[in-house]
Structures are given as structure tokens and as C-alpha cells.
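One is the number of the first residue; the rest follow in order along the sequence. All ligand and atom numbering here is 1-based and tracks the order in the structure.
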Amino acid sequence: MSNDFSTPLNRKGTASLKWQRYEDQDVIPMWVADMDLPAPAAVQKALQQAVERGALGYGEVPQGLVEAFLDWCQQQYGWQPEAEWLVWLPGVVPGFNLAVEALTDSQDQLLIQTPVYPPIRVLGKLRDRQVQDVPLRAPVPGEKQWSLEVDTLAMQLQPKTRALLLCNPQNPTGRIYSRVELEEIARLAEDKNLLVISDEIWADLLLEEGAKHLPYPALSDAAAQHSVTLMAPSKTFNVAGLSCAVAIIPNPELRVPFRKAMRGLMPDMNYLGLLAAEAAWKEGHDWLQDLKQHLNSNLDLLETWLKDPAYPRRQLIGYCRPQSTFVAWLDVSPLELDNPYQTFLDAGVALSPGEAFGDDRYLRLNFGCPAAQLLEALQCMHQAIKA
Ligand SMILES: Cc1ncc(COP(=O)(O)O)c(C=O)c1O
């Protein structure tokens, strides 16, 4: 592997959200979804050149960035949006908030599936819309993955259900929805006149052998016409601090009001984010292959730890191998700890509490880090559960 994913990064005192929260404690932060791994060399070079020039004024989306993104879509997903469908944004979270604000009205209901990324879970509250939650179904013995129960979802639709928030690949379960599931969603959306807001920020971090991302608007013309799809380089290339994302909105009846709602509220695109995104999408292919290999090997380490026959308590932890992402969703309820988050924190490892995602039986572990850091964190977890 030509890229280095093993050197520890000391991010203490660097204004990092992940590290600053526990700065005064002797704790390994394995929570928020950014990686303790360096961005691709091409991205670092583009940023270094900008910093050396010294002028860090306003940016504007360059043609090169648009082309790099379209080529990336072609190469990664075998599909290309049209350039005019793209609306550049400072983040995916502002993107789905804006879509709800601009494209639904206050009487409309939103449909979500928990467990889910906390800003999706609180979307209804923030935007003052009623929310229906049709939870994903956890795997039963013999099943390997969480299920998106489209039939249940269809039965629970209310007359006022107007928008469905899809997170694919799914955070925190790592599920990649199949073509069949997505087509069922698209048919339902078509029949019931629903808007689908598809958060695809994890689209490029598919860890399962042979998996291919299916962008929602690529399913059919109808799916393209009733959807807003959100993508970004931020998770894939570890540039989440540079605020760069893009909405794909093929239907002008959705795109025009979406753009209109942005006026005066959305900041200009981050100058460094534009440069980083272009470099990443142009030159990041090989780096991404190496990263996925590294993440799979970290997952193997985690599984070996969980299944170690010498430590039966570890085997109580419910886990299924995520098909994507760099987070693992762990059911720690069989350990019967009073406060699992605090127990692990006291033992020196900060995980994300499942409550924020809608299920307090779980903790989320971010394994996007050097192997040595993951092993150190697992050692702390070992102390916590006395396994
Ligand atoms: C599903 C999902 N959407 C959006 C985001 C963040 O998006 P942004 O930082 O572009 O607002 C994350 C970050 O973890 C995520 O997991």
C-alpha cells in the first residue's frame, strides 16, 4: 500500500472537534465521524499551494470542480448527473434542512428510519415538521444486515406524509440498500407523491467486496424527478472541516425553490473546500482503494477482538459487519452496564452514545484511524467490560 495509514496523528490542541471535547482527559476519541488519517497527498498539495500563495479570499465553483465531480460519478457509479442539476452547498446537513424548509410546508410530515445520523433524527424538531419514524429492523439470528422494511413503511404512510429522508449508505448501521429496496422506495414515492431526500454522503466508502453505489436519481427518470440527492467529498477524503457538498436536483420545480431558499442564508462556498474537492475527485481514486483496504483490515481487527473465545463477555456484544462507512454499531445492552457510554469513557475510550441515533442500547465506534489506535481503544474497552 503506497499510502500511509499507520502513523498516529496528534490532533490535540488543533481545534479538532473530535479531540478537543476530551482534551483534558486521558481518553481516545473514537466518536464523531472524521478519521484520524491524513487526506490524500493531492488534496494536501492543493491546500499547501493555496496557503503559500497567501490570498484566501472568496471562492467560486470552478469548471474544473464540476468536471471532476461529473467524472467521479461516471467512474464510481457508472452514472452522470447533468451539470445544471448541481447546487453547491457548504454541507449536507444544511442541504437536507433546506430541502425540508423549501420543498415541504408546515403541515407536511417527514418519514425517517432510526437508528439514524442525529441531524436527520432531529430534523422535524428543527424545521417544525411532524416526524414519523419507521425503524430499520435489526438482524435476527441468521441474518447479516439491518432491513429497510418498505412494506411496513408503505403501511405506515399518513395522508400528510410528504417527504422521506433516506440515508444510503446508512449511518450508523453501514447498510447499503439494494437496487430492489431502492426501486420499491421509488415506486412508493411515485404512487404517493413523496419527495425523497437522499443523503448519500457515504457513497464512496463501500467496504463490501464488489459493492457498487446506486445513486437514487439514477434509478429511473421518475426517481430523479422526485428527489434531492446530497453528496460530498467530506467523509471519503477526510475533508469534513472544509465545508463542501453538492445537491443533485434534476427537477427544476424543486431546484428553483431550493436555490431561492438559499439566498442570503447560505455562506459562500469555502475557498479551500473547493480546491480540496477538485483535487480529491480528480486524483483520489488510488488513495480511496488503499483507504478501503485499510478500513477492512481494521474491521477484521475489531471482529477478531469481538469473537475472541478467551473473552466470552465480548461475544455478548451485538454486531454485524458494516457494508460501508467507517463506523461500527455495537449493541452493548447484553453487557448490562448501568451507563455504557460513561463506563467506556471512564476506561479511556469515547464512543458515540446510541441515544442520539435513536437507540440507547447501542454505542457507535469510529474505526477510521491507524490500527494501533484502534487496538489501544479496544484495550480500554476490554478494561471496561472486564472481558
Ligand atoms: C449521514 C450523514 N450526513 C451528513 C453528515 C455531515 O454532513 P456535512 O458535514 O456535510 O453537513 C454526516 C456526518 O457524519 C453523515 O453521517
Side-chain angles (χ1 to χ4, degrees), residues 16-18 21 29-37 39 69 86-101 110 112-123 126-127 136 146 148 163-177 196-207 213 215-216 227-248 262 265-270 272-274 276-277 280-281 295 322-329 350-354 356-358 362-369:
S16 146
L17 167 67
K18 188 179 188 183
R21 180 153 309 174
M30 304 290 277
W31 63 292
V32 68
D34 79 28
M35 297 186 280
D36 292 318
L37 300 171
F69 177 65
L86 308 183
V87 182
W88 295 87
L89 292 163
V92 164
V93 174
F96 55 66
N97 274 274
L98 204 74
V100 168
E101 195 70 37
L110 312 178
I112 64 167
Q113 305 95 51
T114 55
V116 76
Y117 176 58
I120 294 182
R121 192 163 160 258
V122 300
L123 190 55
L126 284 191
R127 302 271 65 88
L136 298 177
W146 289 70
L148 172 70
L164 191 153
L165 266 291
L166 208 59
C167 180
N168 180 42
Q170 216 268 348
N171 174 7
T173 64
R175 201 39 238 288
I176 303 170
Y177 297 134
V196 173
I197 303 170
S198 186
D199 176 340
E200 302 185 8
I201 198 168
W202 293 97
D204 301 313
L205 285 170
L206 309 192
L207 304 180
H213 178 66
Y216 187 85
S227 61
V228 171
T229 301
L230 298 155
M231 292 188 173
S234 41
K235 299 290 130 183
T236 318
F237 299 105
N238 211 23
V239 292
L242 295 178
S243 304
C244 183
V246 60
I248 302 161
M262 286 172 70
L265 290 176
M266 286 285 151
D268 287 327
M269 295 297 291
N270 179 303
L272 295 178
L274 297 173
W281 281 325
L295 294 176
Q323 298 172 298
S324 61
T325 76
F326 49 78
V327 292
W329 187 232
L351 305 175
S352 299
F357 298 78
Y362 287 77
L363 292 172
R364 196 190 69 170
L365 167 76
N366 175 345
F367 58 87
C369 61

Original post:
What protein heavy atom sits nearest atom 16 (O) of ligand 1, and how far away is it?
Top reply: Asn171 ND2, 2.7 Å
**OP:** Go through ligand 1 atom by atom and flag the ones less than 4.0 Å from a non-hydrogen atom of Gly91.
**Re:** 10 (O), 11 (O)
Original post:
Looking only at protein heavy atoms, which one is nearest to atom 11 (O) of ligand 1, and how far off is it?
Top reply: Val93 N, 3.0 Å
Original post:
Quick one: are Leu272 and Leu242 in side-chain contact, heavy atoms under 4.5 Å?
Top reply: yes
Original post:
Any idea which protein heavy atom is nearest atom 6 (C) of ligand 1, and the distance to it?
Top reply: Tyr117 OH, 3.2 Å
**OP:** Please name the pair of heavy atoms, one in Pro119 and one in Phe96, separated by the smallest distance, quoted to 0.1 Å.
**Re:** O-CE1, 3.6 Å
Original post:
For Arg175 and Asn168, does a side-chain donor sit closer than 3.5 Å to a side-chain acceptor?
Top reply: no
**OP:** Go through the structure and list residues passing side chain to side chain donor-acceptor pair (under 3.5 Å) with Arg127, not counting sequence neighbours.
**Re:** Asn97, Glu101
Original post:
Any side-chain heavy-atom pair from Pro115 and Trp329 closer than 4.5 angstrom?
Top reply: yes
Original post:
Just which atoms of ligand 1 are under 4.0 Å from any heavy atom in Cys167?
Top reply: 1 (C)
Original post:
Is Leu207 close to Gln323 at the side-chain level, that is, under 4.5 Å between some pair of heavy atoms?
Top reply: no
Subject >> Protein residue, atom and distance nearest to atom 7 (O) of ligand 1, heavy-atom basis >> reply: Ile201 CD1, 3.4 Å
Original post:
Are any of the N or O atoms of Ala33 closer than 3.5 Å to those of ligand 1?
Top reply: no
Subject >> For Ala99 against Ile197, the heavy-atom pair lying closest together >> reply: CB-CD1, 3.8 Å
Original post:
Do ligand 1 and Val92 have nitrogen or oxygen atoms that lie under 3.5 Å from each other?
Top reply: yes
**OP:** Please say whether Asp199 places an N or O atom under 3.5 Å from an N or O atom belonging to ligand 1.
**Re:** yes
Original post:
Any non-hydrogen atom of Lys235 lying under 4.0 Å from ligand 1?
Top reply: yes
**OP:** Just jot down the ligand 1 atoms closer than 4.0 angstrom to any heavy atom of Pro94, in number order.
**Re:** 11 (O)
Please tabulate, one pair per line, all N/O donor-acceptor pairs under 3.5 Å involving side-chain atoms of residues 229-237, not counting sequence neighbours.
{"residue": "Lys235", "atom": "NZ", "partner": "Ala33", "partner atom": "O", "Å": "2.9"}

